[in-house]
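Indexing begins at 1, ligand by ligand and atom by atom, following the structure's order.
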Amino acid sequence: MKIPEQITRLGMLLAGVLAAVLLLRFVILPADMFSAAPHQAAKAVREMAKPVHYAGMPACRECHADIYDTKSAGGHRYMGCENCHGAAAAHASDPATGNPPLPSEREFCYACHAFDPSRPNGFPQIEPTEHRAGKKCIRCHDPHDPVPPSAPSDCSGCHGVIAKTKATSSHATVECAACHEVPEQHFTSPRAALPTKPAGRESCGQCHGSDATDSGAPRVDLASHGDSYQCWQCHYPHAPEMTR
Ligand code: HEC
Ligand code: HEC
Ligand code: HEC
Ligand code: HEC
Ligand code: HEC
Ligand code: HEC
Ligand code: HEC
Ligand code: HEC
């Protein structure tokens, strides 16, 4: 049987169209028009080429193990180092490039601890204008273990008021033992063995004199400041910002 002319032409036309489509699909048009895989591969390459900013806590641990251990045992254990010190990958791979910043201003801590009624019950919060206003938080709270300062319970049990007053004062971080030598017997029969008390201006001068070393304490000129009176005639030693 003879195939009619018009069918042959139609067949050739269809074959031509099919060839053109196949040519377009597999030769002319790029493969990534038809599959996501090349896009994904290219994106991975692009992202990998970007500089890394955060190193992550395990990296910090390699060189700052002591701080890592302190922090892991305290109230800030779930916070990353770089939450506070900023992205520090460059520092971690080469400390000589510079030190990360130390966020030591009060305002930094407000972000999480300034009173906000929407925070969950029991989350430790403070009223910034009232809680030791004007003093740096890190004076009393170690940022790596922020547990509030308190006198050793072995003193506060009997000298509660003094301990509480001191804990909220400028001398919060000065230990009782810096000013009082306490005999063992004082704990069992307190009146029979009294602790020592500072003897003179020099005992305060070890931290406040102009030649005092290694202390964050403000300096005064021992020779002239407060005449020759005992320091505690004017400053209550357990809250020295109160002058009496
Ligand atoms: C390869 C070791 C190394 C790694 C890893 C490392 N550090 Fe350090 N870091 C140092 C050295 C060394 C210093 C400088 C110490 C100095 O100045 O006394 C320093 C200083 C710092 C300081 C500033 C100290 C200051 O007194 O100003 C901070 C903050 C700090 N590092 C945080 C981090 C954090 C966060 C990480 C993790 C992202 C980290 N470091 C990873 C070695 C390292
Ligand atoms: C809640 C915020 C916070 C977190 C979390 C934190 N730091 Fe700090 N860090 C500080 C502040 C504030 C200082 C400054 C302390 C000062 O001046 O006394 C500091 C000081 C430092 C210093 C200087 C030396 C020193 O002992 O004071 C290093 C080093 C350091 N941090 C490393 C780390 C590492 C490593 C981690 C994670 C394991 C970390 N920090 C987590 C806030 C933080
Ligand atoms: C002079 C020492 C001192 C300074 C400075 C200080 N605090 Fe405190 N903080 C304490 C003491 C002591 C407590 C224990 C409770 C009390 O007496 O209010 C405490 C309690 C807290 C608590 C509650 C802890 C809990 O377990 O409920 C938080 C949160 C806190 N402080 C954060 C801060 C922040 C943030 C700053 C800085 C804006 C700061 N503190 C400055 C001494 C201080
Ligand atoms: C990114 C949020 C964040 C920042 C910033 C932050 N903290 Fe905290 N802080 C926390 C969390 C979370 C806890 C644990 C709360 C809990 O135990 O429920 C905590 C706990 C505390 C506690 C109670 C600790 C205890 O052991 O009872 C104190 C005090 C404290 N922080 C002080 C500070 C100080 C001072 C700063 C500034 C240097 C600071 N925080 C910065 C999130 C933060
Ligand atoms: C078991 C209770 C008790 C404990 C614990 C205790 N004290 Fe006392 N302390 C007393 C009593 C009681 C006195 C005498 C008060 C008086 O005579 O008015 C006293 C007196 C003192 C005095 C005054 C001495 C004087 O000459 O006036 C100092 C300073 C003192 N204690 C410091 C401390 C310190 C620091 C600690 C902690 C290491 C401590 N005490 C622990 C009960 C105690
Ligand atoms: C900065 C030094 C200093 C520190 C720290 C200190 N004291 Fe005193 N303390 C003194 C001085 C000075 C006196 C004598 C004050 C006077 O004679 O007016 C005194 C007196 C006392 C007295 C006799 C009663 C009184 O109020 O005069 C007691 C009790 C006492 N201190 C307990 C403590 C305890 C407990 C601590 C720790 C929580 C402590 N002190 C920390 C300097 C200090
Ligand atoms: C072991 C060191 C040490 C000794 C001893 C000491 N101080 Fe201080 N004192 C400090 C430090 C640290 C500060 C600063 C605290 C701050 O700025 O938050 C301070 C702060 C003060 C201030 C400033 C208060 C303010 O905020 O304006 C006075 C006043 C003061 N002390 C008086 C005394 C007197 C009086 C004595 C002796 C009875 C004494 N100090 C003994 C360490 C000491
Ligand atoms: C006659 C009273 C008097 C005597 C005694 C006295 N002071 Fe003061 N002191 C003051 C007054 C008032 C201020 C606050 C005004 C000022 O800064 O001069 C002050 C301030 C201070 C400050 C804070 C300085 C600053 O820069 O913030 C310190 C620290 C201090 N005294 C320590 C001492 C010491 C240590 C002694 C004993 C050697 C002493 N004072 C004796 C009255 C006295």
Side-chain angles (χ1 to χ4, degrees), residues 67 70 74-76 84 101-110 112-114 124-244:
I67 293 179
T70 306
H76 283 161
C84 292
L102 306 178
S104 48
E105 296 313 317
R106 283 175 69 87
E107 288 72 18
F108 176 80
C109 313
Y110 292 172
C112 298
H113 292 294
Q125 303 192 63
I126 54 149
E127 194 57 71
T129 52
E130 281 163 21
H131 190 75
R132 331 300 175 228
K135 297 204 182 79
K136 285 187 175 175
C137 316
I138 54 172
R139 187 81 236 170
C140 301
H141 299 281
D142 177 347
H144 305 135
D145 180 15
V147 64
S150 63
S153 54
D154 52 348
C155 306
S156 61
C158 299
H159 300 291
V161 175
I162 291 179
K164 197 167 178 356
T165 307
K166 192 179 84 62
T168 63
S169 82
S170 289
H171 275 167
T173 54
V174 183
E175 287 172 19
C176 309
C179 300
H180 300 292
E181 238 174 80
V182 185
E184 203 51 47
Q185 208 198 332
H186 183 65
F187 296 103
T188 45
S189 28
R191 285 197 175 83
L194 289 174
T196 61
K197 291 195 282 191
R201 292 164 59 87
E202 269 310 319
S203 60
C204 308
Q206 59 176 303
C207 295
H208 292 292
S210 34
D211 54 352
T213 52
D214 193 31
S215 143
R219 304 299 151 90
V220 292
D221 178 9
L222 278 198
S224 60
H225 179 80
D227 226 328
S228 53
Y229 297 103
Q230 295 297 5
C231 313
W232 46 92
Q233 284 177 278
C234 295
H235 299 285
Y236 181 49
H238 309 126
E241 58 270 55
M242 291 157 48
T243 35
R244 48 188 178 185

Exercise for review: Over all heavy atoms of both residues, which pair between P237 and W232 is shortest? Give the atoms and the distance, please.
Suggested key: CD-CB, 3.9 Å
Name each N or O atom in ligand 8 that is under 3.5 Å from a protein N or O, and give the partner atom and the distance.
residue  : atom   : partner : partner atom : Å
ligand 8 : 7 (N)  : H225    : NE2          : 2.8
ligand 8 : 7 (N)  : H235    : NE2          : 2.8
ligand 8 : 9 (N)  : H225    : NE2          : 2.8
ligand 8 : 9 (N)  : H235    : NE2          : 2.8
ligand 8 : 31 (N) : H225    : NE2          : 2.8
ligand 8 : 31 (N) : H235    : NE2          : 2.8
ligand 8 : 40 (N) : H225    : NE2          : 2.8
ligand 8 : 40 (N) : H235    : NE2          : 2.9

Review point. K166 versus C176: any side-chain heavy-atom pair under 4.5 Å?
Key: yes
Practice item. Provide the number and element of each atom of ligand 6 under 4.0 Å from a heavy atom of E175. Key: 5 (C)
Point to revise | Over 12 non-hydrogen atoms of neighbours within 6.0 angstrom of CD in E127 | key: yes
Review point. Short list, please: which atoms of ligand 6 are under 4.0 Å from a heavy atom of H171?
Key: 1 (C)
Review point. H141 versus R132: any side-chain heavy-atom pair under 4.5 Å?
Key: no
**Study point:** Minimum side-chain heavy-atom gap H208-L222 below 4.5 Å
**Key:** no
Review point. With a 4.5 Å heavy-atom cut-off, do Q185 and P190 have their side chains touching?
Key: no
Review point. Are the side chains of F108 and L102 in touch, meaning some heavy atoms are under 4.5 Å apart?
Key: no
Point to revise | Polar contact flag for K166 and ligand 6 (N/O pairs, less than 3.5 Å) | key: no
Review point. If every non-hydrogen atom of S169 is compared with every non-hydrogen atom of H238, which pair is closest and at what distance?
Key: OG-O, 3.3 Å
Review point. Would you say H238 has any N or O atom under 3.5 Å from an N or O of ligand 6, going by distance alone?
Key: yes
Review point. For ligand 7, which atoms, with element, lie under 4.0 Å from some heavy atom of V174?
Key: 1 (C), 10 (C), 42 (C), 43 (C)
Check your understanding: Distance-only, no hydrogens or angles: does the H76 side chain make a donor-acceptor pair with backbone N or O of P146 under 3.5 Å?
Key -> no
Check your understanding: Does any N, O or S atom in C179 come within less than 2.8 Å of atom 8 (Fe) of ligand 6?
Key -> no
